[in-house]
Enquirer: 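There's a structure below that I have some questions on.
Worth saying up front: this structure is predicted, and the values here are computed from it rather than measured.
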Amino acid sequence: QVQLVESGGGLVQAGGSLRLSCAASGRTFSSYAMGWFRHAPGKEREFVAAIDYSGGSPDYADSVKGRFTISRDNAKNTMYLQMNSLKPEDTAVYYCARAPGLYNWGSWDVWGQGTQVTVSS
């Protein structure tokens, strides 16, 4: 069973940066699209970004476009989320997820445990 483990969260001031990582177990990481989601208290879980199996077709939520960059290193079985110009409204638990295929069609079948990101004003 594939496992996803997020890391890199923490406390940062508004305007600062963080880089999240999502490490995947197993040898099939490069066969699946991957994505990032976040869940803030009192809000629904929301899509943040996604990337296809080869690192192409990046897709972003409007709220993070121009500030966040998704990427992956298939040789390291790891996906990243570079977050710049962070805002207090970016505070949430961030989750990585795996799609059931090569591309992002909006379906996700494996989830990590999440990492907390807190942005102070």
Enquirer: Would you find a donor on one side and an acceptor on the other, under 3.5 Å apart, between the side chain of E6 and the backbone of G114?
Expert: yes
Enquirer: Any non-hydrogen side-chain atom of M79 less than 4.5 Å from a side-chain atom of I70?
Expert: yes
Enquirer: Do L102 and W105 share a hydrophobic cluster, counting only Ile, Leu, Val, Met, Phe, Trp and Tyr and linking them when any side-chain heavy atoms are less than 4.5 Å apart?
Expert: yes
Enquirer: Can you name the nearest heavy-atom pair linking A33 to W108, along with the distance?
Expert: O-CZ3, 4.3 Å
Enquirer: Could you name each residue pair satisfying side-chain hydrogen bond (donor to acceptor under 3.5 Å, both in side chains) that touches residues 17-34, not counting sequence neighbours?
Expert: S17-N84
Enquirer: What are the two closest heavy atoms between V5 and Q113, and how far apart are they?
Expert: CA-OE1, 3.6 Å
Enquirer: I want to check a possible cation-pi pair here: R45 against W111, using under 6.0 Å from ring centre and within 45° of the ring axis as the test.
Expert: yes
Enquirer: In terms of the angle between their ring planes, are Y94 and F68 parallel, tilted or perpendicular, with boundaries placed at 30° and 60°?
Expert: tilted
Enquirer: Please round to the nearest 0.5 Å and tell me the distance separating atom OG1 of T69 and atom CE of M83.
Expert: 11.0 Å
Enquirer: Out of curiosity, does L81 fall in the hydrophobic cluster containing F47 (side-chain heavy atoms, cut-off under 4.5 Å, transitive links)?
Expert: no
Enquirer: State whether the side chain of T118 and the backbone N or O of T91 hold a donor-acceptor pair below 3.5 Å, judged by distance alone.
Expert: no
Enquirer: Can you name the closest pair of heavy atoms from S57 and D52 and give their distance?
Expert: OG-OD2, 3.3 Å
Enquirer: Test of understanding: clusters of I, L, V, M, F, W, Y form through side-chain heavy atoms closer than 4.5 Å, transitively. Do V119 and W36 belong to the same one?
Expert: yes
Enquirer: Would you say the side-chain atoms of N74 pair up with the backbone N or O of N77, donor to acceptor, closer than 3.5 Å?
Expert: no
Enquirer: Answer whether the closest heavy-atom distance between the side chains of Y95 and L4 falls below 4.5 Å.
Expert: no
Enquirer: Let me check something: do Y53 and Y60 share a hydrophobic cluster, defined by ILVMFWY side-chain heavy atoms less than 4.5 Å apart, either directly or through other members?
Expert: no
Enquirer: Distance from K87 atom NZ to S121 atom OG, nearest 0.5 Å?
Expert: 14.0 Å
Enquirer: For residues M34 and V93: do they belong to one hydrophobic cluster (side chain heavy atoms under 4.5 Å, members Ile, Leu, Val, Met, Phe, Trp, Tyr)?
Expert: no
Enquirer: Are there more than 12 heavy atoms of other residues, nucleotides or ligands under 6.0 Å from atom CD of Q3?
Expert: no
Enquirer: Residues two or more places apart in sequence or in another chain: which of them pass salt bridge (Lys or Arg N to Asp or Glu O under 4.0 Å) with R67?
Expert: D90
Enquirer: Search all heavy atoms of R72 against all heavy atoms of F29 and return the closest pair with its distance.
Expert: NH2-O, 2.8 Å
Enquirer: Looking at P88 and A14, what are the two nearest heavy atoms and their distance?
Expert: CD-CB, 4.1 Å
Enquirer: Determine the minimum heavy-atom distance between H39 and K43, stating which atoms define it.
Expert: NE2-O, 2.8 Å
